[in-house]
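In what follows, residues are counted from 1 in the order of the sequence shown. Note that this is a predicted model, so its numbers are computed, not measured.
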Amino acid sequence: MPRRRASALLVLVLAAASLAGMPEQASAATKDTLPGIDVSHWQGKIDWTKVAADGVTFAIVKATEGRNYVDPMYATNAAGATANGIAVGAYHFASPGPQQGDATA
């Protein structure tokens, strides 16, 4: 496994391991954390007013996947979150294959 891919995989594994020990309902922020959510088209239509009222301060929104897929809810989710005072970040879901250069492509 190339070094870059192994490093990225390690970061993902460590992040997943740290999240695995978190309680299912973590909406109340502590002094060292901010409540946030990860959303994509899989959540369907989101009531961003209710999300903001629950104290969520940021949303990480799926934008793309693979080489060609654009999440059809990205623009709607980003606009809904922003309109309700929720900071927005975006992510790309990658699952590169073993072919040389696939992660770069």
Mind listing the closest non-hydrogen atom pair of Ala90 and Ala63 along with its distance? CB-CB, 4.2 Å
Minimum heavy-atom separation for Ala81 and Val88, please, with both atom names. CB-CG2, 3.5 Å
Can you pull out every ring-ring contact (aromatic ring centres under 6.0 Å, His included) where at least one residue sits in residues 45-90? Sequence neighbours excluded, please. His41-Tyr69
Sequence neighbours excluded, every pair satisfying ring-ring contact (aromatic ring centres under 6.0 Å, His included) that has a member inside residues 81-105: none
Hydrophobic clustering (ILVMFWY, side-chain heavy atoms < 4.5 Å, transitive) - are Met73 and Val61 grouped together? no
With [X], which residues qualify under side chain to side chain donor-acceptor pair (under 3.5 Å), at least two apart?
X     : answer
Thr82 : none
Thr49 : Asn84
Glu65 : Lys62

Using the salt bridge (charged side-chain N to carboxylate O under 4.0 Å, His left out) criterion, which residues pair with Asp47? Sequence neighbours excluded. none
Sub-4.5 Å side-chain heavy-atom contact between Gln43 and Asp38: no
Looking at Asp71 and Ser40, would you say the former's side chain and the latter's main chain have a donor-acceptor pair under 3.5 Å? no
